[in-house]
Amino acid sequence: MTDQILQDFNISGFQKALLHWYDQNKRDLPWRENQDPYRIWVSEIMLQQTKVDTVIPYFHHFLEKFPTVQDLAAAEEQEVLKAWEGLGYYSRARNLQHAVREVVTEYNGEIPSTPKELGSLKGVGPYTKGAILSIAFNKPEPAVDGNVMRVFSRLLHIEDDIAQARTKKLFEEYTRELISSDDPSSFNQAIMDLGATICTPKAPTCMLCPLHEYCRAFADGVQEKLPIKQKAKKPKPVPYVTLVIKNRHDQVIIEKRSNQGLLANLWQFPMIPLTEVSIDHIENWFRSEYGLKVNMNAKMDQIKHTFSHLVWHLEVHEAELVEDQTVVSDERLKLINKSDISQYPFPVSHQKIIKLIK
DNA sequence: AACCCGGGGTC
DNA sequence: GACCCAGGGTT
């Protein structure tokens with residue numbers, strides 16, 4: 001299968017050119033200071049679908065707060081989510097802590113270095129498994145992500161749709177043939193750096209590329225057309241009324257989200273879905289749902305927040321507790337001092353509201 | 001295989 | 001707006 005594509009490809013010349021370029025041009029990144037598998041692991045989870053520049057400050061703070069697997073295992077989940085606040089894909093943080101606890105109890109705190117054991121940890125999929133095995137343990141395992149598929153689809157002029165699951169498996173096979181057995185760690189990181197700096201999605205700078213003499217897409221003049229990728233669906237709009245409920249003591253009501261699904265275990269201001277409740281029945285619905293009497297007042301703002309699969313339209317209203325209540329009975333709700341808001345992890349959409357009321 | 005799951009940067 | 005990013009889990 002891979003033989004056909006690779007039979008006339010100069011693998012050793014390509015490897016030398018790539019590794020020499022990496023040696024001269026590798027980026028200075030905080031998780032490259034050493035080969036501590038915990039640091040590599042944390043960085044790889046943070047880097048999933050997230051740019052390097054976004055990750056760097058989170059990485060520093062996270063390692064400062066949780067320097068070892070033992071520290072992370074012993075932490076409160078809310079603390080971990082707070083350290084993840086603003087990064088997105090929060091299940092990454094919850095899965096990471098779950099996996100780290102398993103490492104502490106099942107592996108005596110030593111991160112496993114076999115594909116089977118590593119891959120069985122929560123949140124460690126095929127890519128992350130390969131990345132840790134190669135970068136931290138120097139094993140010749142493929143770590144195929146969007147970068148790798150872009151670089152190799154151009155290098156080998158492959159037109160398969162990279163949105164398809166089977167295409168990723170194809171690239172893993174190619175990588176097993178192409179990867180340097182001498183320095184698999186540098187090899188995988190070199191492809192990532194090349195994809196981030198030279199072989200970019202748009203307008204790749206092929207003239208600066210150490211691989212252009214090996215690149216079939218460049219030879220065929222189709223580098224800008226590759227990789228082929230099926231278009232994603234448009235996110236679906238969902239309208240809500242969001243209530244900022246205050247009492248007379250500078251306190252406000254916040255709500256803990258479900259422990260499953262979107263933004264699990266994060267906090268928010270109560271949201272009422274306008275797909276189920278009309279704007280005129282908000283107060284009644286709120287009382288039956290949460291057992292709390294509130295008056296909804298003026299609209300403060302309209303917030304639009306886009307996720308990968310949906311768009312929230314938040315109509316933010318000020319509201320007040322009708323009686324001077326200082327306790328709430330519903331388990332989801334909490335009445336807190338405004339000054340304590342910063343102790344709770346909120347998604348970015350609701351951080352916009354926090355700014356509004358400050 | 002399709003869908004769910006965030007947020008930010010770029011053009 | 002469209003697209004992309006060091007993807008994984010669930011169904």
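A, B, ... follow the sequence lines: proteins, then strands. Residue 1 opens every chain.
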Please report the distance separating the [atom1] of [N] from the corresponding atom of [M], rounded so that it comes out in whole Å.
N	M	atom1	result
B:dG8	C:dG9	C1'	23 Å
B:dG6	C:dC3	C1'	16 Å
B:dC11	C:dA6	C1'	22 Å

Looking just at side-chain N and O atoms, do A:Q78 and A:W267 make a donor-acceptor pair shorter than 3.5 Å?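 Present: a donor and an acceptor within the cut-off.
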Please state whether the rings of A:F187 and A:F152 are parallel, tilted or perpendicular, taking 30° and 60° as the class boundaries.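 Taking A:F152 first and then A:F187, their aromatic rings sit tilted (interplane angle of 30° to 60°).
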Identify, between A:L263 and A:Q164, the residue whose nearest nucleotide on DNA chain B lies closer to the 5' end.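 Result of the comparison: A:Q164.
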By nearest heavy atom, map A:H309 and A:T54 onto DNA chain B; which one lands nearer the 5' end?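 Going by which nucleotide is closer to the 5' end, it is A:H309.
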Does A:K233 place a side-chain N or O at less than 4.0 Å from the phosphate oxygens OP1/OP2 of C:dC3?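 Checking A:K233 against C:dC3: no side-chain N or O falls below 4.0 Å of OP1 or OP2.
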Does C:dG7 have its OP1 or OP2 closer than 4.0 Å to a side-chain nitrogen or oxygen of A:R92?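 No, outside the criterion.
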Could a donor-acceptor pair under 3.5 angstrom be found where the side chain of A:Y89 meets the base of B:dG6?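 Such a pair is found, so the answer is yes.
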Hey, does the side-chain of A:T50 have a donor or acceptor N/O within less than 3.5 Å of a partner on the base of B:dG7?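 No pair found.
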Check: A:A75 main-chain N/O paired with A:Q97 side-chain donor or acceptor under 3.5 Å: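 Between the backbone of A:A75 and the side chain of A:Q97 there is a qualifying donor-acceptor contact (under 3.5 Å).
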Round to a whole Å and report the spacing from CD of A:Q49 to C1' of B:dC5.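 Interatomic distance, CD of A:Q49 to C1' of B:dC5: 10 Å.
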Could you go step by step and tell me if A:W84 and A:Y89 meet the ring pair (Phe, Tyr, Trp, His ring centres under 6.0 Å) rule? CA-CA 9 Å; A:W84 211 268; A:Y89 284 137; over 10 Å; no
Give one of base, sugar-phosphate or nothing for A:R27, where a contact means two heavy atoms less than 4.0 Å apart.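 The answer is base, as A:R27 lies within the cut-off (heavy atoms under 4.0 Å) of a base atom.
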